[in-house]
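To start, the structure under review is shown below, and the notes come after it.
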Amino acid sequence: MLEALLAVVGLAVGFGANTVVTKRRQGAAEDQAKKELSKAKKEADKLVDQAREEAAKAVEEARKEEQSRRRELKELEQRLVTREESLDRKLDELDKRNEALRRGEDEVEKLKNEIRDIRVRQQEKLEKIAKLSKSDAADKLMQMTERDIRNDLTGLISKLQNEAREQAEDQAGAIIVTAMERMASEVTAERTVTAVKLEDEEMNGRIIGKEGRNIQALQRATGVDIMVDDTPGYVVLSSFDPVRREVARQTMELLMKDGRIHPGRIEEVVEKAQKNVEKDVMRAGEDAAREVGVIGIPREILHLLGELKFRTSYGQNVLKHSTEMAHIAGMIAEEVGANVKTTKYAALVHDLGKALTHKMEGKHHHISGEMLRKYGAPEEVALAAEQHHDDVETTTTEAVIVRVVDAISAARPGARNISAENFSERMKDLENVANGFKGIEKSYAISAGREVRVFVKPQQIDDLSAIKLARDIATKIESSMQYPGTIKVNVIRETRAIEFAK
């Protein structure tokens, strides 16, 4: 019983103690919560104050910015108003000035009319006094003046003409002599043959080939007459056309250097030599233009100019003749006040047509003018080149200079060789006669004009037609040319069949 009572008492005491502890803890937690809440309120108040301050600052800045923009707008408006007032004042001034000018014009016109009326009245008074009209008085005055000074004027004009003629002749002679003294050129030494030295006697037989096939192939490909037995140790190349001779010479040298000589190889080497000569032609044209100091010449004209290196006129090399003319023409143009560049340019290219006379119909100076215009040369240059012969009237000072210088260059001692030119012209005419027939591929005059070889197109000319063509060409030569001895017409028809093994 006692034990049960003690247990009840213990339970009561424990419960009471637990309650006291619990209350104490709750009180501490409430105090802590109050402290945290108070702290949070303080921080919240602080953040609110900061936000209010920042908002106030932003509002103040916005207000200041708005005030600044208002001031700027007000100033801009004020400037516009001021400018508008200034423009209005200027417009008013212009209106006043225009009005004043109109009044002045009216006054001037009024004064002109008054002066005109006064002049008419004075003229009428003078006519009444002199009993002559204005036109009659002018005629009488002119007749009196003409009668008084006619003899003096006639004598003065005659004297001035004689003095001008004498001075012009003396001055022209001095200018030409001075130019000729300053220019020295070589004497012509053109040849119609070229000699190529052989390395040994064995090479002679190799050039001829079996049954003459190699030499025939060379002659056929180059159009040059090749003589191997006339001069010991040399092969002589004969042709009136120096371009063909140069191609044949380079071909012979390349073949002898290579050592392989057969018809197939000959065709390859001839093609290569032709390309080399083409490069030489272009280089010669550029060198000539550079020598005389003419720049800006189109490439096509330079090419035709370079071809003149291989052309002759009465034995005179045409390119050397042209460069010589350009130098002399420049000196004379400078003395007489003509355009030096135009004169030198025209003198350099005046014989351009001689590179094409075997391809185009017409006189060489007409062809020169046509080609210069075609390839973009200045018109004054084309005119001066076209007018350097007497059949075209000169229209410019530069054309007169080119004509004079052409005569100077051609007429100097040693410049030309008439017999060589006659021979060359006869060879060209012989080829032109053959080329005038249809179906001709190419033709070559060889053996100093004693033979013409004509290669025909096998697709157009058959064997029977070739026989007839030979007779027609011979008949045309007999009727249109003068020549000593006989000329052999050799028509060649060749058909090749080529195939490749792959």
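Predicted, not measured: the structure shown is a model, and the values here were computed from it.
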Cationic N near anionic O, under 4.0 Å, D472 to K468: yes
Among T343, L348, V402, V404, side-chain contact (heavy atoms from CB on, under 4.5 Å) partner for M325: V402
Separation between CG of D280 and NZ of K275, rounded to the nearest 0.5 Å: 14.5 Å
Partners meeting side-chain hydrogen bond (donor to acceptor under 3.5 Å, both in side chains) with S322 (sequence neighbours left out): none
Donor-acceptor pair between S465 and D462 side chains, under 3.5 angstrom: yes
Set of side-chain hydrogen bond (donor to acceptor under 3.5 Å, both in side chains) partners for E379, sequence neighbours left out: R373
Pairwise distance CD1(I446) to NZ(K488) - rounded to 0.5 angstrom: 8.5 Å
Side chain to side chain contact (heavy atoms under 4.5 Å, CB included) against V277, all qualifying residues, sequence neighbours excluded: V243, E246, V247, Q250, V281, F310
Note: E267-R265 ion pair, threshold 4.0 Å (strictly below): no
side-chain hydrogen bond (donor to acceptor under 3.5 Å, both in side chains) against E300, all qualifying residues, sequence neighbours excluded: none
Residue pair V236, I226: steps toward the side-chain contact (heavy atoms from CB on, under 4.5 Å) verdict: CA-CA 6 Å; V236 179; I226 302 175; over 6 Å; no
Between H365 and Q387: side-chain donor-acceptor atoms closer than 3.5 Å: no
K344/E324 salt bridge by N-O under 4.0 Å criterion: no
Salt bridge flag under 4.0 Å for residues D287 and R290: yes
Evaluation steps, ring pair (Phe, Tyr, Trp, His ring centres under 6.0 Å), between H364 and H350: CA-CA 9 Å; H364 73 274; H350 77 288; 7.5 Å; no
CG-NZ distance between N435 and K428, expressed to the nearest 0.5 angstrom: 13.5 Å
Carboxylate-amine/guanidinium contact K442 E494, below 4.0 Å: no
Donor-acceptor contact below 3.5 Å, side chain R453 vs main chain Y444: no
Set of residues satisfying side-chain hydrogen bond (donor to acceptor under 3.5 Å, both in side chains) with respect to H366, sequence neighbours excluded: D391
Any side-chain heavy-atom pair of E380 and Y345 under 4.5 Å: no
Short side-chain donor-acceptor distance under 3.5 Å, N214 and H262: no
Expected output: side-chain T342 to main-chain V381 donor-acceptor under 3.5 Å: no
Least distance between heavy atoms, H388 atom then D351 atom: NE2-OD1, 3.5 Å
Basic-acidic side-chain contact under 4.0 Å: E370, K374: no
Given L308, L304, L319, the one that forms side-chain contact (heavy atoms from CB on, under 4.5 Å) with K354: L308
Rounded distance (nearest 0.5 Å) linking atom CG of L237 with atom CE of M227: 8.0 Å
Where at least one partner belongs to residues 263-302, residue pairs that pass ring-ring contact (aromatic ring centres under 6.0 Å, His included), sequence neighbours excluded: none
